[in-house]
Amino acid sequence: MNASPAPAEETPRHVLKELGFSIRQAGEELHGTASITPQMHVPGASRLRTSVLATWADTLVGLLAARVIAPRVPVTLELDVHLYRPAPATGDLLGIARTVKAGRSTFVADVGFTVDGEPLAIANGLFMTAPDPRLRMPSALSIDMPASDERLTVPLAERAGCERREAGTAVLPRSEDGLNASGTINGGLIALAAEEAVLSLAPGDTLRSLSLLYLQAARVGPVVATASLRGGIARAELRDSGNGGRLTGVATASTFHG
């Protein structure tokens with residue numbers, strides 16, 4: 001499970017803020033915008049990472065959920081992203097998040113992504129209220145978020161410390177600037193680890209789709225992602241190696257070739 005990133009006043013520096021994503025409220029929707037940079041590319045391919053789209057979808061849906069659940073903290077149960085076409089190398093990206101269902105115990109929203117006005121992907125997020133009632137959102141929760149002045153200067157995986165150890169395996173450390181509102185490893189970075197594990201088996205490919213089930217929070221780290229790939233379909237397990245190797249999530253993905 002993943003809680004949405006804490007607001008700026010709680011975490012002045014965060015890996016994901018360096019992606020340059022800005023958010024504003026537009027009626028009942030949330031609109032997020034950013035410019036694609038080379039630091040967001042898949043290694044060996046000049047295309048935007050699918051895990052970046054997953055990260056932004058998680059943030060947008062988490063903020064929509066927070067409007068309903070606050071002061072309790074929303075956590076991610078499921079997140080998926082599906083691309084209509086291979087992602088571009090450059091362009092201005094827009095994500096529009098809309099509520100699908102706001103229930104007592106669960107919250108669902110979808111996000112449509114376009115680049116320079118052309119449809120790119122659709123994402124869906126399922127959230128619930130964090131089981132720990134002691135977790136609280138800040139009293140002055142801001143939905144509108146300007147882009148951070150700090151931007152990635154190195155590739156995202158390098159900035160996050162996510163390393164491919166061998167074919168099918170990627171390792172993501174716990175870092176203070178990679179946590180979420182509940183103090184556990186951010187779900188967007190867990191998506192990055194899953195993506196890295198899968199793509200280590202298919203150099204030069206990119207992800208057509210990425211679906212994640214968050215089973216429990218990754219509290220200690222490092223998170224170890226172990227993937228297998230057959231016929232263009234991949235499955236990855238994500239385990240909190242510092243917490244007895246507990247299974248924290250599973251991911252399925254499909255790829256675009258080349």
Side-chain angles (χ1 to χ4, degrees), residues 1-5 7 14 16-17 19-36 40 42 47-70 73-88 91-103 106-128 141-148 156 180-181 186-192 194-195 206-214 249 251-254 256:
M1 292 184 292
N2 163 53
S4 56
H14 197 284
L16 300 183
K17 285 186 178 182
L19 294 171
F21 202 47
S22 65
I23 299 171
R24 66 179 180 87
Q25 190 164 342
E28 294 300 311
E29 301 174 345
L30 289 186
H31 292 195
T33 58
S35 295
I36 301 170
M40 303 176 194
V42 172
R47 298 192 182 278
L48 175 68
R49 283 182 174 275
T50 300
S51 62
V52 169
L53 294 176
T55 296
W56 285 336
D58 189 51
T59 300
L60 287 166
V61 177
L63 285 171
L64 279 179
R67 295 194 309 184
V68 175
I69 294 171
V73 173
V75 294
T76 319
L77 292 179
E78 298 182 24
L79 186 70
D80 61 70
V81 183
H82 307 276
L83 279 70
Y84 304 123
R85 56 188 173 91
D92 294 324
L93 184 138
L94 169 65
I96 299 178
R98 305 178 180 89
T99 299
V100 174
K101 179 184 178 182
T106 59
F107 180 91
V108 181
D110 62 28
V111 184
F113 288 107
T114 61
V115 175
D116 295 334
E118 294 296 322
L120 174 64
I122 185 72
N124 302 281
L126 169 63
F127 278 66
M128 65 170 284
L141 176 65
S142 175
I143 297 298
D144 290 337
M145 293 185 179
S148 171
L156 176 59
N180 55 41
N186 185 276
L189 295 179
I190 290 175
L192 170 67
E195 181 182 47
T206 59
L207 295 189
R208 175 191 296 267
S209 65
L210 177 62
S211 301
L212 297 121
L213 298 176
Y214 294 94
T252 55
S254 62
F256 287 115

Inset, instruction - Determine, stepwise, if the pair Leu16 / Leu189 fulfils side-chain contact (heavy atoms from CB on, under 4.5 Å). - result: CA-CA 8 Å; Leu16 300 183; Leu189 295 179; 3.6 Å; yes
Inset, instruction - Take Ile23 and Leu60 through the test side-chain contact (heavy atoms from CB on, under 4.5 Å) and record every step on the way to the result. - result: CA-CA 8 Å; Ile23 299 171; Leu60 287 166; 4.0 Å; yes
Legend entry - side-chain contact (heavy atoms from CB on, under 4.5 Å) assessment of Leu53 paired with Leu83: CA-CA 10 Å; Leu53 294 176; Leu83 279 70; 4.0 Å; yes
Legend entry - Audit row: Arg98, Glu29, side-chain contact (heavy atoms from CB on, under 4.5 Å) steps and yes/no: CA-CA 5 Å; Arg98 305 178 180 89; Glu29 301 174 345; 3.0 Å; yes
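In terms of heavy-atom proximity, Asp80 sits nearest to Ser211 at CB-OG, 3.4 Å. The two residues Gly91 and Asp116 come nearest to each other via the heavy atoms CA-OD2, 3.6 Å. Smallest separation of non-hydrogen atoms from Glu78 and Leu213: CG-CD2, 3.3 Å. The two atoms that bring Leu212 and Ala251 nearest to each other are CD2-CB, 3.9 Å, heavy atoms only. Counting all heavy atoms, side chain and backbone alike, Pro88 lies closest to Ile36 at CG-CD1, 4.1 Å. Closest approach of Ala97 to Val111, counting heavy atoms only: CB-CG2, 3.9 Å.
How far CZ of Arg85 is from CD of Glu118: 6.5 Å, rounded to the nearest 0.5 Å. The line from NE2 of His14 to CG of Asn186 is 5.0 Å long, rounded to the nearest 0.5 Å. Rounding to the nearest 0.5 angstrom, the gap separating the NZ atom in Lys101 from the CG atom in Asp110 is 15.0 Å. Summarising the geometry, atom CG belonging to Asp58 is positioned 9.5 Å from atom CG belonging to Leu63; distances are rounded to the nearest 0.5 Å. Of the inter-residue distances, the one linking Arg49 atom CZ with Leu19 atom CG reads 10.5 Å to the nearest 0.5 angstrom.
Within the 3.5 Å criterion, the main-chain N or O of Leu207 finds a donor-acceptor partner in the side chain of Thr50. A donor-acceptor pair under 3.5 Å is absent between the side-chain atoms of Tyr84 and the main chain of Pro119, judged by distance alone.
Residues that satisfy the side-chain contact (heavy atoms from CB on, under 4.5 Å) test with Arg24, not counting sequence neighbours, are Ala26, His31, Asp144. Applying the ring-ring contact (aromatic ring centres under 6.0 Å, His included) test to Phe21 and every residue at least two apart in sequence or in another chain returns Trp56.
Using a 4.5 Å heavy-atom cutoff, the side chains of Phe107 and Leu64 are in contact. Residues Leu48 and Leu93 are in side-chain contact: their nearest non-hydrogen atoms beyond the backbone lie under 4.5 Å apart. Looking at heavy atoms from C-beta onward, Val61 lies out of side-chain contact with Pro74 at the 4.5 angstrom threshold. Side-chain contact check for Thr76 versus Phe127: some heavy-atom pair is nearer than 4.5 Å.
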